[in-house]
Amino acid sequence: MPERITLRRAGGDEVVPLGAVRAGDVLLVRCGERIPVDGEVASGAASVNQAAITGESAPVEKRAGDEVFAGTLGEVGALEVRARKVGEETTLGQVRRMVEEAQEKKAPVERVLNRYAKLYTPLALLFGALLWWWSGDVLRAITMLIVFCPCVMVLATPTALVATIGNAAMRGSLVKRGATVEALAKVDTVAFDKTGTLTSGEPWLVEAIPLNGLREAEVLRRAAAAEKFSEHPLGRAVVRAAEERGIDIPDPEEFEALPGLGVSARTNGHRLLVGRPRSLAGNGVGVDAEVEARASQLAASGRTVVLVASDGEAAGLLVPEDALRPGAAPAVRRLRELGVRTVLVTGDNRTAARRVAEALGIDEVHAEVLPQEKVAVVERLQAGGRKVAFVGDGVNDGPALATADVGVAMGVAGTDVALETAEIGLLSDDLSRLPHLLGLSQKAMRAIRQNLVFSLGVLGVAVGLTVPGILTPVTGALLHELSSIPVIANSARLIGTEEKPLTGD
Ligand code: ADP
Ligand code: MG
């Protein structure tokens, strides 16, 4: 990170230390400088190398309005960046904190080792004492204490976990704890959220159908005002559609997000509800048979349908369309090759869910579920003896991410809530990393077992050679130290483990 930052102030530029930068400041990032904050480009254009954050090797073009991340490098061009998050709050700062947490939290395998460690020292002392008493040779007793020193056993697990986390990080997936690696190795079921996870999360509006005599522009204006503060991909699509048509969007006077359902807001005296048609109908919105038929008909073609209600009456239907992420199909295919059961859990309508599931070859579908029901689906799978990873992006996925054995959040499309709750963040939103992570974690657990067996074996041999007095303190120490080399080498192998090429593409 740069230490001296150029701030653009009304009275001219000012150079300040990094710690003095606050959210809202506009700072200058010159060509070749590292961007010191998370923020938005206020003006200028540059190609930015984001490899440090997303793992993407090609630079990305940034222009006014684009988001930039602390720790990324402005390669060609200069930018004025308005700081939104500084210091610990930036993505980079969070990564650092998570890595620190990961180093502190112990995996279950490590806890087991710690339990045995309590017995280990008294046992070593006892063996040493017994050997001294039996042989009358104090050197043999000292050798016994040396070879019993558990260095290799202590290295066995953390070296493998750190190598695994490092491998994942180099490929753009952030694994927060060592314990996650162990949980991931046992996963046999992956449940996906749909909108924003399997789909791009950048939907666009293909149709806006006004109802009850309103004009299309008015429907869009009200819907966009209601969605103006929404973080949901569908909400953003509505706002974008209104902006493209040159509609000016007022700020809502009240706003509430209803996760998994839609939004509720008030603008210009109108009570607005925008969201899932069926749930709004159950929320006191008058939906007559004709509107219902219209909505079902649109839904039957496998589309998401959003109802706009104004003052308790249907005002319009919006039809967004969203493309599947390019990584989704290969990821699902590879997971199934690995024998993993795939499940789709979405708040969207059944036909849209089924269409996506069929396109990707997903085994099991749950549609029209609320956030709590996503949890119930995960719990039901777990009750059936399955180890579940849940992949999601939204606020509505938070509870399910927390319940699953392993929560995986989309890094760029994902909301902060999802990222905070999940144990793994896919920093570049690339689903095809998932099968790699699964395979890698299984490899890591195998390496840990091999390490432990090997170190116990070496201990057995060393004890066997110490009792008759073949090993001396010096040769005992040598054998002992040398035996950590294969263990570390076995763990280090994991850093280089490549992603298996996906079949069929
Ligand atoms: P998923 O589980 O696939 O990510 P969500 O649970 O986020 O989907 O949303 C489920 C449904 O709820 C959407 O298909 C949409 O009909 C409705 N919905 C949720 N949030 C919004 C919103 N902000 N604007 C409009 N509709 C919404
Ligand atoms: Mg979602």
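Whatever order the structure lists ligands and atoms in, that order sets their numbers, starting from 1.
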for atom 10 (C) of ligand 1, nearest protein heavy atom and its distance come out as Gly347 C, 3.3 Å
**Prompt:** Are side-chain heavy atoms of Lys374 and Val377 found at a separation under 4.5 Å?
**Reply:** no
| Test item, Gly394 contacting ligand 1 (heavy atom, 4.0 angstrom) | no
Any nitrogen or oxygen of Asp348, side chain or backbone, less than 3.5 Å from one on ligand 1? yes
Contact region, Thr346 to ligand 1, non-hydrogen atoms below 4.0 Å, reads both
Given 3.5 Å as the limit, does a donor-acceptor pair link the side chain of Arg276 with the main chain of Glu368, or not? yes
Taking every heavy atom of Arg355 against every heavy atom of Ser301, the minimum-distance pair comes out as NH1-O, 3.6 Å
Hey, is the main chain of Arg303 close enough, under 3.5 Å, to the side chain of Glu321 for a donor-acceptor pair?
no
- Task: Return yes when Gly275 approaches ligand 1 closer than 4.0 angstrom through a heavy atom, no otherwise.
- Result: yes
For the Mg ion (ligand 2), the nearest N/O/S atom on Asp193 is atom OD2
### Task
Please examine the side chains of Val48 and Asp66, heavy atoms only from C-beta on, and report whether any two atoms are closer than 4.5 Å.
no
Using distance alone, decide if ligand 1 has a nitrogen or oxygen within less than 3.5 Å of any nitrogen or oxygen in Pro277. no
Using 2.8 Å as a strict upper limit, say whether an N, O or S atom of Thr195 approaches the Mg ion (ligand 2) that closely. yes
Numbered in order shown, the ligand 1 atoms found under 4.0 Å of a heavy atom of Ser230 are 23 (N)
re atom 1 (P) of ligand 1, the protein heavy-atom contact at minimum distance is Asp193 OD1, 2.8 Å
Open item on the list: Checking the side chain of Glu254 only, and the main-chain atoms of Ala265 only, is there a donor and an acceptor separated by less than 3.5 Å?
Closed with: no
For Val263, the atoms of ligand 1 under 4.0 Å from one of its heavy atoms are 23 (N)
Ionic contact status for Glu218 with Arg222, cut-off 4.0 Å = yes
Under 4.0 Å between heavy atoms, the region of Leu261 that gets near ligand 1 turns out to be backbone
In terms of its nearest heavy atom to atom 13 (C) of ligand 1, the top option of Leu198, Val238, Val356, Leu234 is Leu234
The Mg ion (ligand 2) -> Asp393, closest N, O or S atom is OD1
Scanning both residues in full, the closest heavy-atom pair of Val308 with Val274 reads CG1-CG2, 4.2 Å
protein heavy-atom neighbour closest to atom 24 (N) of ligand 1 works out as Glu227 OE2, 2.4 Å
| query | Taking the side chain from Asn167 and the backbone from Leu494, do they hold a donor-acceptor pair closer than 3.5 Å? | reply | yes
With heavy atoms and a 4.0 Å threshold, my read on which part of Leu258 contacts ligand 1 is neither
Do the charged groups of Arg240 and Glu243 touch, with an N to O distance under 4.0 Å? no
Donor-acceptor check, side chain of Arg245 to backbone of Ala241, threshold 3.5 angstrom: yes or no? yes
Ranked by distance from atom 5 (P) of ligand 1, the top protein heavy atom is Asn396 ND2, 3.2 Å
When you check the side-chain N and O atoms of Gln50 and Thr72, is any donor under 3.5 Å from an acceptor?
no
Of all protein heavy atoms, the one nearest atom 16 (O) of ligand 1 is Arg276 CG, 3.4 Å
Can you tell me if an N/O/S atom from Asp397 lies under 2.8 Å from the Mg ion (ligand 2)? no
Logged contact type for Thr195 with ligand 1, heavy-atom cut-off 4.0 Å, is both
Counting heavy atoms under 4.0 Å, the part of His232 that contacts ligand 1 is side chain
Give a yes or no on whether the backbone of Asp363 and the side-chain of Thr342 come within a donor-acceptor separation of less than 3.5 Å. yes
Within less than 4.0 angstrom of ligand 1, does Lys374 place any heavy atom? yes
Check your understanding: Does Thr199 come within less than 4.0 Å of ligand 1, judged by its heavy atoms?
Key -> no
